[in-house]
Visitor: 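Encoded as structure tokens, here's the structure I'll be asking about.
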Amino acid sequence: AGLTPLLLEKSVQAQFLIPMATSLAFGVIFATIITLVLVPCLSLIVYDIKALFSNRSAAEIAAQEHADID
């Protein structure tokens, strides 16, 4: 949202900044998606893999690791 005014600018002076603002905006969107979606999904996959190789459930493993951190 902060880069929208620069992306919509029509002046000649701002024309060379528009590609930079576009790549920066898409980079921020991509990083947000990775942080909010992919990292938690990978965490759940790791817990499920650990549960396969032990006799405990994934929830028990996650609770144990959370208790170890505290």
Side-chain angles (χ1 to χ4, degrees):
L3 293 172
T4 304
L6 182 58
L7 291 171
L8 299 176
E9 183 65 38
K10 298 296 181 197
S11 71
V12 176
Q13 295 171 341
Q15 290 301 313
F16 73 96
L17 291 175
I18 291 175
M20 181 270 314
T22 304
S23 60
L24 183 63
F26 279 108
V28 168
I29 291 169
F30 181 74
T32 301
I33 291 170
I34 293 294
T35 303
L36 295 178
V37 176
L38 189 62
V39 171
C41 288
L42 291 176
S43 163
L44 291 174
I45 291 170
V46 168
Y47 287 138
D48 287 341
I49 290 172
K50 284 183 180 180
L52 283 175
F53 294 110
S54 69
N55 56 359
R56 298 183 300 171
S57 70
E60 291 172 342
I61 293 171
Q64 178 65 36
E65 289 184 7
H66 183 69
D68 291 344
I69 293 173
D70 293 339

Visitor: What's the spacing between L17 CG and T22 OG1 if we round to 0.5 Å?
Guide: 10.5 Å
Visitor: What distance separates E60 CD from N55 CG, expressed to the nearest 0.5 Å?
Guide: 8.5 Å
Visitor: Side chains of residues 39-48: which donor-acceptor partners sit under 3.5 Å, not counting sequence neighbours?
Guide:
{"unit_1": "Y47", "atom_1": "OH", "unit_2": "E65", "atom_2": "OE1", "d": "3.4"}

Visitor: Taking all atoms of both residues into account, what is the closest heavy-atom pair of S54 and I61, and its distance?
Guide: OG-CD1, 3.6 Å
Visitor: Show the atom names and distances, to 0.1 Å, of all donor-acceptor pairs under 3.5 Å that link a side chain in residues 7-14 to residues at least two apart or in another chain.
Guide:
{"unit_1": "E9", "atom_1": "OE2", "unit_2": "S11", "atom_2": "OG", "d": "3.4"}
{"unit_1": "S11", "atom_1": "OG", "unit_2": "A14", "atom_2": "N", "d": "3.4"}

Visitor: What residues form a side-chain hydrogen bond (donor to acceptor under 3.5 Å, both in side chains) with Q64, not counting sequence neighbours?
Guide: D68
Visitor: Could you report the tightest heavy-atom contact between S57 and A51, atom names first, then the distance?
Guide: C-CB, 3.9 Å
